[in-house]
Undergrad: 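Input: one structure, supplied below.
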2 protein chains.
Amino acid sequence: MLINNTAVSRRMNFNPITIRDIAKALGISVSTVSKALRDSYEISDKTKKLVNDYAEQNNYRPNPIAQSLKKGHSKSIGIVVSTIENQFFSQVINGIESVAYQAGFNVIITQTHESYEMELKNVEQLTHHALDGLLISLSTETKDVSHLKHLHQQGLPIVFFDRITNEIETHKVIADNFKGGYDATRQLLNAGYKKIAHITSPPNISITSERFAGYEHALKEVGMDIPSAYIKHCAHGGRDMSEIENALNELLSLKDKPDAIFTTSDRITTTTLYLLTKMGIKIPDDIALVGYTNTTLADVLNPPLTSVYQPAFEMGRKAAEMLLSLILSKHPVTEFETITLPTQLFVRRSTLPKKAL
Amino acid sequence: MLINNTAVSRRMNFNPITIRDIAKALGISVSTVSKALRDSYEISDKTKKLVNDYAEQNNYRPNPIAQSLKKGHSKSIGIVVSTIENQFFSQVINGIESVAYQAGFNVIITQTHESYEMELKNVEQLTHHALDGLLISLSTETKDVSHLKHLHQQGLPIVFFDRITNEIETHKVIADNFKGGYDATRQLLNAGYKKIAHITSPPNISITSERFAGYEHALKEVGMDIPSAYIKHCAHGGRDMSEIENALNELLSLKDKPDAIFTTSDRITTTTLYLLTKMGIKIPDDIALVGYTNTTLADVLNPPLTSVYQPAFEMGRKAAEMLLSLILSKHPVTEFETITLPTQLFVRRSTLPKKAL
DNA sequence: TAGCCCAAATTAATCGTTTGCGTTATTATG
DNA sequence: CATAATAACGCAAACGATTAATTTGGGCTA
């Protein structure tokens, strides 16, 4: 009876039972209910049972908003990535999730689609909602990180992963991009390719320059210099197919055409493969291809694709662990570290040695 | 001076300025500040300017938690999908995002990884945090939807997409699964294949039975009956490779081996392709393959994969629009609709007509 | 029986905002 | 000049949960 009454007295909206309802129904005070539910020593077992039973029967759930307001934290962390369609990022997110949920945190995912403006909006959005911490991989367009600096100064824990900045001192997790670039290039060199082009993201983001450094080092090691006409930057990291189409067309119209291409990022890699195929260019016969990608499909592509694989899940785990340590730390943290995770080169048919062709 | 003082007086934690701080600094009341910020007619322009200037200079942000508590809503919606690694779902999410953000809502994404237990946990998690509405595609394991029924009865707006239930009356968005299954099967039949196996998810989820019905109809239409040994259900929708491996092994050890396979779900499709390739089975020569997938890579797979493409982005948009209409509705909604979106069959080399082989 | 202790419960303040209503001045009206 | 109207602002009660401080009512001891 009573139950029904309290039930109908609420709005039609999603409006669950509160501790006040319980208190009223049981004829005791609100604080007694609260303490009983939290199993306080101040409350008798009899009352506790009474309260708990009633709460259970009426499917009571503490209002998380009220708890957050009171406790001063929201138990949720924000994630900013370029796009979850990229398998690399969805795997990172899986890693983040696995540790966040363990710790009772939930995650809010946002995507920049490689746009600086979207990054601003998302960070704004996220901090407009209550956030205990932020995990971010910068957008391709991002050159200015003052939006993040402000938040960081205000005390919001931030951990960077993948695409980082050195303008903000905090924990960071990256893959060994230098080695990834080196391994990929070295593999092409070993297979006999001598004219190695590089299609990549803009140089302002960290991964681009690091991978380029690896590429450069491998070439220099064998005494080759870097032909600037072979280096192509896609303004939006290959978001638009036309970026890559243009890059390829330019490369292919060179007098001295490349005999191999090293691509970075999932999107650039798979789109390059798609376009070359569409153009009727044989891989690796006409042009060899090695690319960064985390797709599980590399083995069944045509041809199977030599690729640099990044430990995305692990990166997510590590980043989340570091963020949680920042959030949960009693004292302000002043010592930060940057973790570098190894990458793995999977050699497949797209970089078949030249002599074997 | 004052600014600095208020700044240092706060905790080291992320603890931004409040309206109380503004009131104190300006020597006016909290309510005046609040009203000034909300541009109330009760406040003079002079005071408004004073408050707004101070707020801007000190980078004031209203605490969203407090606002949510007061206003009774959180401006965020929850999403439950099986896994964002599946391109179909990440595209759906992009669609959802595009309308949610437009309306000032943010989204919280959770993954079930096809587990009923995880679905329970996620729904619990989500509603533990403050939610204005829920978008959900059921997990493969889910047979009981009482956890959702409760929430729905309590008044939480819910919209189902993709994998729906008819036990709960609300808005739903699905693809035309019957036609998808029919088209795929029909394509195989037209290409001359006669022994068509079907690897799919468990029959309890809606998409499975709907697609099966299409498959069945196509076969019956040409007077063929459905050989039960050709129907394989993967308990977790292909989450574990072994599920698919077993299914394939059973199919291939049949006296009367199938000459074609119709797979549903991204995961099952790509894994089947991978396994057949690894087994050295030629597609389509030995076995033809048509599958559900939303990967952009279908064209560059080996062989290019005939596939049923679902309008994932559009599905996300529609679902989000319906949810928002539910959330924003002044009156309780009693009329619900189920939208069915068309699918598209892309014919590629993996179902090359038999005579052409 | 006074004095004290302890268990068990209540009161009230708090988190940051919002908002109905009351309180001042100041201006307009008869 | 007295009164009504209005503009501009403050007070205090919410929203739901937590918790320090306080009260209440026994029970026990000296």
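Chain naming here is simple, since letters A, B, ... match the order of the sequence lines and numbering starts at 1 in each. Hydrogens, waters and symmetry mates play no part in the numbers below; they use all other heavy atoms, side chains included. All figures in this text were calculated on a predicted structure; none of them were measured in a lab.
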Undergrad: Which whole-number value in Å describes the distance from B:Ile17 CD1 to C:dT17 C1'?
TA: 14 Å

Undergrad: C:dT18 base to B:Lys70 side chain: any donor-acceptor pair below 3.5 Å?
TA: yes

Undergrad: Should B:Val107 and B:Leu135 count as side-chain neighbours, where that means a heavy-atom distance under 4.5 Å?
TA: no

Undergrad: Has A:Gln67 got a side-chain N or O lying under 4.0 Å from the OP1 or OP2 atom of D:dG16?
TA: no

Undergrad: Using OP1 and OP2 only, check whether a side-chain N or O of B:Tyr41 sits under 4.0 Å from C:dT19.
TA: no

Undergrad: Report which part of the nucleic acid A:Thr32 touches: base, sugar-phosphate, or nothing (heavy-atom distance under 4.0 Å, all strands).
TA: base

Undergrad: From CG of A:Asp39 over to P of D:dT18, roughly how many Å is that when rounded to an integer?
TA: 13 Å

Undergrad: Ignoring backbone atoms, establish whether A:Ser34 has a side-chain N or O less than 4.0 Å from OP1 or OP2 of D:dT18.
TA: yes

Undergrad: So, is A:Tyr60 near the phosphate of D:dA17, with a side-chain N or O under 4.0 Å from OP1 or OP2?
TA: yes

Undergrad: Measure distances between side-chain N and O atoms of B:Glu42 and base N and O atoms of C:dC21, and say whether any donor-acceptor pair falls under 3.5 Å.
TA: yes

Undergrad: How close or far is atom C1' of C:dT10 from atom CD1 of A:Ile43, stated in whole angstroms?
TA: 9 Å

Undergrad: Mind calculating the distance between CZ (A:Arg38) and P (C:dA8) to the nearest angstrom?
TA: 19 Å

Undergrad: In terms of side-chain geometry, is the basic nitrogen of B:Asp132 or B:Lys75 positioned less than 4.0 Å from the acidic oxygen of its partner?
TA: no

Undergrad: Would you mind telling me which residue lines up with the more 5' stretch of DNA chain C, A:Gly27 or B:Val30, judged by nearest nucleotide?
TA: A:Gly27

Undergrad: Report the end-to-end axis angle of the helix from C:dT1-D:dA30 to C:dG30-D:dC1; each axis comes from five terminal pairs, and the value is rounded to 10°.
TA: 70°

Undergrad: When you compare the side chain of B:Ile22 with that of B:Tyr60, does any pair of heavy atoms fall below 4.5 Å?
TA: yes

Undergrad: With a 4.0 Å cut-off on heavy atoms, is A:Leu37 in touch with a base, just the backbone sugar-phosphate, or nothing at all?
TA: nothing

Undergrad: Is there a donor and acceptor pair, one atom on the side chain of A:Lys71 and one on the base of D:dT19, closer than 3.5 Å?
TA: no

Undergrad: Just wondering, do B:Phe161 and B:His171 contact through their side chains at under 4.5 Å, heavy atoms?
TA: no

Undergrad: From NZ of A:Lys75 over to C1' of D:dT18, roughly how many Å is that when rounded to an integer?
TA: 16 Å

Undergrad: Any N or O donor-acceptor pair linking the side chain of B:Ser31 to the base of D:dC11 at under 3.5 Å?
TA: yes

Undergrad: Round to the nearest Å and state the distance from A:Lys35 atom NZ to D:dT23 atom C1'.
TA: 12 Å

Undergrad: Who pairs with B:Thr110 by side chain to side chain contact (heavy atoms under 4.5 Å, CB included), at least two apart in sequence or on another chain?
TA: A:Tyr101, B:Val80, B:Asn122, B:Leu126

Undergrad: Could you walk me through whether A:Ile339 and A:Glu337 pass the side chain to side chain contact (heavy atoms under 4.5 Å, CB included) test, one step at a time?
TA: CA-CA 6 Å; A:Ile339 297 183; A:Glu337 58 175 330; 4.3 Å; yes

Undergrad: Heavy atoms only: give me the nearest A:Ala55-A:Leu37 pair and the separation to one decimal.
TA: CB-CD2, 4.0 Å

Undergrad: Using the closest heavy atom to pick a nucleotide of DNA chain D for each, name whichever of B:Ala66 or B:Asp45 lands nearer the 5' end.
TA: B:Asp45

Undergrad: What is the distance from NZ of A:Lys46 to P of C:dA8, rounded to the nearest Å?
TA: 10 Å

Undergrad: Does C:dA9 have its OP1 or OP2 closer than 4.0 Å to a side-chain nitrogen or oxygen of A:Ser44?
TA: yes

Undergrad: At 4.0 Å (heavy atoms only), tell me whether B:Ile19 reaches a base, stays on the sugar-phosphate, or touches nothing.
TA: base

Undergrad: Grab the NE2-P distance between A:His73 and C:dC15 for me, whole Å please.
TA: 16 Å

Undergrad: What does A:Ser40 touch in the nucleic acid at a heavy-atom separation under 4.0 angstrom: a base, only the sugar-phosphate, or nothing?
TA: nothing

Undergrad: Please state whether the phosphate of D:dG16, meaning OP1 or OP2, lies under 4.0 angstrom from any side-chain nitrogen or oxygen of A:Thr18.
TA: no

Undergrad: Should A:Leu148 and A:Leu156 count as side-chain neighbours, where that means a heavy-atom distance under 4.5 Å?
TA: no

Undergrad: Going by atom type alone, with no hydrogens or angles, which donor-acceptor pairs under 3.5 Å involve a side-chain atom of residues 313-327 of chain A and a protein atom two or more places apart or on another chain?
TA:
residue, atom, partner, partner atom, Å
A:Arg317, NH1, A:Ser98, OG, 3.0
A:Ser325, OG, A:Met322, O, 2.8

